[in-house]
Amino acid sequence: MGMGTASNLLFQSSDWNFETLAHTYDAIEEIALGDLGLDVYPNQLEIISSEQMLDAYSSVGMPLMYQHWSFGKRFVFEDHLYRRGRRGLAYELVINSNPCITYLMEENTMAMQALVTAHAAFGHNHFFKNNYLFRQWTDATAILSYMDFAKKYIAKCEERHGTPAVEAILDSAHALMEQGVFRYRRPPRLSSEKERERMRERLEYEEQTYSDLWRTLPPSGENNDPTQLEKELAERKKSLNLPEENLLYFLEKTSLILEPWQREILRIVRVIAQYFYPQRQTKVMNEGCATFVHYTLMNKLFDQGKISEGAMLEILQSHTNVVFQPGFDDPRFPGINPYALGFAMMQDIERICVAPTAEDRDWFPDIAGTGNWRETLLDAWANHRDESFILQFLSPALIRKFRLFLLTDEADDNFCEVASIHNERGYEALRGALARSYDIGVNQPDIQVMDVDLLGDRHLRLQHNVKDGVLLEENSRDSTLRHVRHLWGYEVSLAGVDAETGETLYECSTEELSD
C-alpha cells in the first residue's frame with residue numbers, strides 16, 4: 001500500500017486551482033489510457049456553481065437546452081432536495097459529445113474533482129465513444145451545434161408566434177417523447193448547419209404549396225366494394241410506410257394542420273429523444289463502467305503514493321454512497337441501484353478472470369482464470385446493453401451476494417410464489433428475469449400508427465400491442481391521446497390488441513374524451 005510523501009502527492013489539501021486540476025488530470029489520463037487501455041474523446045472540463053449544476057440537471061443535462069416549464073419544475077424540485085441536504089448533488093454531469101464535456105462543481109474539494117474526472121471524463125467518456133448503441137444511434141460530433149441551433153430556433157419561434165403557442169406544441173411533443181424514437185431502424189444522421197438552412201427554406205416553400213396538393217387529389221368516392229377497400233388500405237399503408245413506431249416522426253411528416261415551425265419543433269424534440277435513447281438502455285453498464293474506472297484509477301494513484309490517505313478516505317466514502325444498495329425492506333429501497341449492480345458485476349468479472357472458483361469455471365469457461373479482465377471488460381463495454389450484459393455476465397456468486405430471488409405475481413392469484421431460488425436452474429431463471437426487466441422493448445408500451453385515410457375523414461388509428469396483459473394507465477393514456485389529437489387535428493383512436501392472440505382488448509377514441 002503506497003504512502004504518499006509530500007513531494008509525490010498530486011494535491012495536499014482540499015483546495016484546488018487550475019494547475020492542480022491539470023496536474024491531476026494528466027496523472028489520471030496516464031493510467032486510464034496506458035494501463036486500462038481506455039479510448040476517449042478529447043475532454044473539456046467546465047467549472048460551474050451548484051446553482052448552474054441544478055439548472056443543467058433540470059434541463060435533462062444539456063448545456064444548451066431550450067426553455068420549457070417542465071425544466072423549471074424539475075429545477076425547483078432538485079433545488080429543494082439539495083438545500084435540505086437530501087441530495088449530494090450529482091458530483092458530475094457529462095455530455096455525450098465530441099469533445100466530451102464534463103462539469104465539475106466549484107464547491108467540490110480537490111479529492112472530489114479527481115474522482116469526478118476519473119468517473120466522467122474517462123469512464124463515461126470511454127463508454128460513450130465505444131459502446132455500439134451510442135456509435136449506432138448518436139452523433140457525438142454534431143449534437144452541440146444542433147442543441148445550439150434548437151435553442152435559438154425555439155427562442156425565435158417564441159418571438160414570432162408567442163410563448164403560449166410554442167409551449168403548447170412543446171407540451172404535446174414532450175408528452176410523446178418516449179414514442180418518438182426509432183427502435184429498429186437507424187435514425188438519419190444530424191445534418192450540418194448548411195443543410196438545415198436549406199431545409200428551412202424548403203419548409204417555407206412547402207407551407208405555401210402543401211395544402212393545394214390535397215385539393216388536386218381525386219375524392220375517394222363512395223366505394224363499398226370490400227376488395228377495393230382492402231386494396232386501397234394496402235396501398236395507403238404502403239405509401240405512408242405504415243405501421244410506424246415513431247409517433248413524433250409520423251406527426252411531423254404527415255399532420256395536415258401543423259405549420260412548418262411546429263414541424264421543426266417536433267423534429268427537435270424527436271432528435272433529443274433519440275439522442276437519449278441509448279442512455280436508457282445502458283444505465284447499469286454506463287454507470288458501472290464509470291464507477292469501476294474511477295475506483296480502479298483512484299486506487300492505482302493511491303498505490304503510487306500520489307493521493308494521501310485523507311483524500312482516499314474522502315473518495316472511498318463518496319464511492320460507498322454511490323454504490324450503496326439498501327435492502328428490499330429498507331425504507332430507502334428504490335429498486336436495484338444501477339451503480340451498485342454495474343460496479344459489482346465489473347468487479348466480479350475481474351475476480352473471475354484472476355481468481356475463479358470451480359463454480360465460475362463452470363459458468364464462465366471462456367474467461368475464468370485467463371487474467372484478461374481488461375480485454376473482457378473493454379469488449380463487454382463495447383458490445384452489450386444492460387439486458388445482454390446481465391444475461392451473459394451475472395454470476396451465481398453475485399446473485400447470492402445481492403440475495404436475489406424471483407417471485408411470480410399473477411394478477412389472478414391472491415398470493416406470491418417464490419419461483420426461483422439459489423440452485424442451478426434458479427440462477428438461470430433469475431438472471432433471465434433480471435435481464436428482461438432492463439429491456440426497453442418489454443417495459444415500454446409498443447404503440448404504432450396503423451392507418452389513416454388522408455383523403456377521407458383523416459381519422460388516425462393507433463394500436464397498442466399488449467404484452468402479458470399489461471394495459472396502459474387510463475388517465476395518462478387519455479391525456480396522451482389528447483396531445484396526439486392536438487398535433488394531428490382530427491380524431492385519434494387507440495386499440496389495445498393482445499400481442500399473442502391478436503384479440504382486441506379495448507378501444508378508445510378522442511371523440512369519447514371530454515376536454
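The first residue of the sequence shown is numbered 1, and numbering continues consecutively from there.
- Using modelled atom types, no side-chain atom of Asp386 and backbone atom of Gly342 make a donor-acceptor pair closer than 3.5 Å.
- Contact detail for Ala27 and Leu301: the closest heavy-atom pair is CB-CD2, 4.0 Å.
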Begin from the C-alpha positions of Ser318 and Leu115 and carry the test side chain to side chain contact (heavy atoms under 4.5 Å, CB included) through to its verdict.
-> CA-CA 9 Å; Ser318 166; Leu115 173 67; 3.4 Å; yes

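- Side-chain contact between Asp362 and Glu359 is absent, with no heavy atoms from C-beta onward closer than 4.5 Å.
- Judged by distance alone, the side chain of Asn383 and the main-chain N or O of Asp379 form a donor-acceptor pair under 3.5 Å.
- Of all heavy-atom pairs spanning Ala114 and Thr24, the tightest one is CB-CG2, 3.8 Å.
- A donor-acceptor pair under 3.5 Å links the side-chain atoms of Arg374 to the main chain of Asp35, judged by distance alone.
- In this structure, Asn299 and Tyr295 have side chains that are in contact, with non-hydrogen atoms separated by less than 4.5 Å.
- When the shell of 6.0 Å around CD of Glu30 is examined, it contains 12 or fewer heavy atoms from other residues, nucleotides or ligands.
- Each of Leu38, Thr376, Thr282 was checked for a side-chain contact (heavy atoms from CB on, under 4.5 Å) with Trp381, and the lone residue meeting it is Leu38.
- For the pair Gln325/Tyr339, no side-chain contact is recorded, criterion being any heavy-atom separation below 4.5 Å from C-beta on.
- At least one side-chain heavy atom of Val40 sits under 4.5 Å from a side-chain heavy atom of Leu33.
- The distance from the CG atom of Leu45 to the CG atom of Leu104 is 5.5 Å, given to the nearest 0.5 Å.
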Residue pair Phe402, Leu430: steps toward the side chain to side chain contact (heavy atoms under 4.5 Å, CB included) verdict = CA-CA 12 Å; Phe402 272 79; Leu430 265 162; over 6 Å; no

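- Within a 6.0 Å sphere centred on CD of Glu473, other residues, nucleotides and ligands contribute more than 12 heavy atoms.
- For the atom pair Asp139 CG and Tyr275 OH, the distance stands at 10.0 Å (nearest 0.5 Å).
- Annotation for Trp261 and Tyr153: closest pair CA-OH, 3.3 Å, computed over non-hydrogen atoms.
- To the nearest 0.5 Å, atoms CD (Gln179) and CD (Gln448) are separated by 9.5 Å.
- Of the inter-residue distances, the one linking Glu46 atom CD with Tyr103 atom OH reads 5.0 Å to the nearest 0.5 angstrom.
- Looking at Ser145, its side chain does come within 3.5 Å of a backbone N or O of Ala142 through a donor-acceptor pair.
- Closest of all the heavy-atom pairs between Met346 and Gly288 is SD-C, 3.2 Å.
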Asp348 and Phe364: CA distance, side-chain angles, deciding distance, side chain to side chain contact (heavy atoms under 4.5 Å, CB included) verdict | CA-CA 12 Å; Asp348 199 46; Phe364 305 101; 5.5 Å; no

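- With Asn337 contributing its side chain and Phe324 its backbone, the two residues share a donor-acceptor pair below 3.5 Å.
- Between Thr109 and Trp16, the closest side-chain pair of non-hydrogen atoms is not below 4.5 Å.
- Distance check: Tyr438 OH to Met285 CE gives 12.5 Å after rounding to the nearest 0.5 Å.
- Counting only heavy atoms from C-beta outward, the side chains of Phe127 and Phe134 approach each other to under 4.5 Å.
- Between the side chains of Gln113 and Asn108, at least one donor-acceptor pair of N or O atoms lies under 3.5 Å.
- Here Lys129 pairs with Asp39 in a salt bridge; the nearest charged N to carboxylate O distance falls below 4.0 Å.
- Here the side chains of His124 and Val293 are not in contact, with every heavy-atom distance at 4.5 Å or above.
- In this structure, the ring of Phe389 has its center less than 6.0 angstrom from the ring center of Phe393.
- For an aromatic pair to be called close, the ring centres must be under 6.0 Å apart, and Tyr41 with Phe128 fails this.
- Nearest heavy atom pair, residue Cys100 against residue Asn125, reads CB-ND2, 3.4 Å.
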Working for side chain to side chain contact (heavy atoms under 4.5 Å, CB included), residues Trp363 and Ser395 | CA-CA 8 Å; Trp363 281 74; Ser395 71; over 6 Å; no

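- Two rings, from Phe149 and Tyr146, have their centers less than 6.0 Å apart.
- A donor-acceptor contact shorter than 3.5 Å links the side chain of Asn130 to the backbone of His126.
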Stepwise ring pair (Phe, Tyr, Trp, His ring centres under 6.0 Å) check, Phe122 with Tyr25 | CA-CA 10 Å; Phe122 289 94; Tyr25 176 89; 5.3 Å; yes

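- In this structure, CG on Leu434 lies 12.0 Å from CG on Asp439, to the nearest 0.5 angstrom.
- By the 4.5 Å heavy-atom criterion applied to side chains, Thr480 and Leu176 are counted as neighbours.
- Between Leu391 and Gly432, the shortest heavy-atom contact is CD1-CA, 3.8 Å.
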